[in-house]
Amino acid sequence: MTDIVLETRGITKSFGSLCASDGISIDLQAGEIHAVIGPNGAGKSTLIHQICGGLRPDAGQVLLQGQDVTALPTAARARKGLGRTFQISALAMEDSVLENVMLGALGASGRPWRFFVPVMGDRTLRDRATAALERVGLQDALHSRTAALSHGQRRQLEVAVALTLDPRAFVMDEPMAGLGAEGSKTLTGFLDGLRDQAPILLVEHDMDAVFALADRISVLVYGRIIATGTVDEIRRDPAVREAYLGDPA
Ligand code: ADP
Ligand code: MG
């Protein structure tokens, strides 16, 4: 029996006459990294937004640990264990690394932190944030300005924010974007270890990272999954080679 943590069933979403998600069913199992690849405009980000709650599907369901979360807003899904890594722009560059995790944790949980003025004095929150930063290897940077971190370290910081809510599944949209070769390699090693914490649904363009990390790959083209399989199966699949990997089959 498989242990499905996160699942979509027949997710459909149109923008006018364009069908960006055309009945997408995909699942994420315990312990795995499931990569979603596909050309620009295939609908990868649209899928991720519907999983995370920023966009409501026209039809279909999103299930987290067997529970239908399709109608829930983003923060409620985060509280139920959907660990989404946020955009870089969500980090306050002038604030310290620790402050970003504490404020980010409150923001992600949907608690109205503006009204809890002495947030930084919240012992429990501080301990949780410190533990999360230790887990991502940023324990020596607690009091550094966030602006002083490398791009790769900022991605780790985003993961630390997600970790404070004890996620059951991670969802990431192109975490390697903007990193150089060295940064991608470091982040690849980091994500490899993170799968023990929770499985990862990983949208990624960097094929070196995808081939190094993925237990399974799904290929999305024009809003449809045309193949799902292991790295070897996907590399060999003639339809995938023709549609995406640029091979005239
Ligand atoms: P990917 O992430 O795979 O590059 P997207 O999910 O961003 O693809 O986009 C899929 C398609 O949907 C594209 O053709 C894009 O232009 C379109 N699209 C995405 N978001 C919107 C939107 N909010 N309104 C209209 N069209 C959109
Ligand atoms: Mg995208």
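Only a predicted model underlies this, so the values are computations on that prediction, with no experimental measurement involved. First listed ligand is number 1; within each ligand, the first listed atom is number 1.
Between R216 and D27 there is a salt bridge, since at least one side-chain N of the basic residue sits less than 4.0 Å from a carboxylate O of the acidic one. A salt bridge links D166 with R168: at least one charged nitrogen is closer than 4.0 Å to a carboxylate oxygen. For R9 and E7, the salt-bridge test passes: some basic side-chain N is under 4.0 Å from an acidic carboxylate O.
Every N/O-N/O distance between A20 and ligand 1 stays at or above 3.5 Å. Considering both main-chain and side-chain atoms, L18 never comes within under 3.5 Å of ligand 1 through any nitrogen or oxygen pair.
Of the N and O atoms on the side chains of T230 and D232, not one donor lies less than 3.5 Å from an acceptor on the other residue.
For ligand 1, the atoms closer than 4.0 angstrom to any heavy atom of N40 are 4 (O). Near T46, the atoms of ligand 1 lying under 4.0 angstrom from a non-hydrogen atom of the residue are 5 (P), 6 (O), 9 (O), 10 (C), 19 (C).
If you count the protein N, O or S atoms nearer to the Mg ion (ligand 2) than 2.8 Å, you get 1.
The protein non-hydrogen atom at the shortest distance from atom 8 (O) of ligand 1 is G43 N, 3.2 Å. In terms of protein heavy atoms, atom 27 (C) of ligand 1 is closest to F15 CD1, 3.3 Å.
Judged by the shortest distance from any of its heavy atoms, G41 lies inside the 4.0 Å radius around the atoms of ligand 1.
Residue-environment remark: CZ (R195) exceeds the threshold of 12 foreign heavy atoms within 6.0 Å.
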Test salt bridge (Lys or Arg N to Asp or Glu O under 4.0 Å) applied to R241 and D237, step by step: CA-CA 6 Å; R241 298 180 73 107; D237 189 302; over 6 Å; no
Steps toward side chain to side chain donor-acceptor pair (under 3.5 Å) verdict (S21, Q50): CA-CA 10 Å; S21 300; Q50 291 171 97; 2.9 Å; yes
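Linking Ile, Leu, Val, Met, Phe, Trp and Tyr residues whenever their side-chain heavy atoms come within less than 4.5 Å places V69 and I26 in a single cluster. I24 and V171 fall within a single hydrophobic cluster, where Ile, Leu, Val, Met, Phe, Trp and Tyr are joined by side-chain heavy atoms under 4.5 Å apart, directly or via other members.
The protein does not reach atom 16 (O) of ligand 1 closely, with no heavy atom under 4.0 angstrom from it.
Paired with L201 under the rule side chain to side chain contact (heavy atoms under 4.5 Å, CB included), one option of L82, V5, V36 passes, and it is V36.
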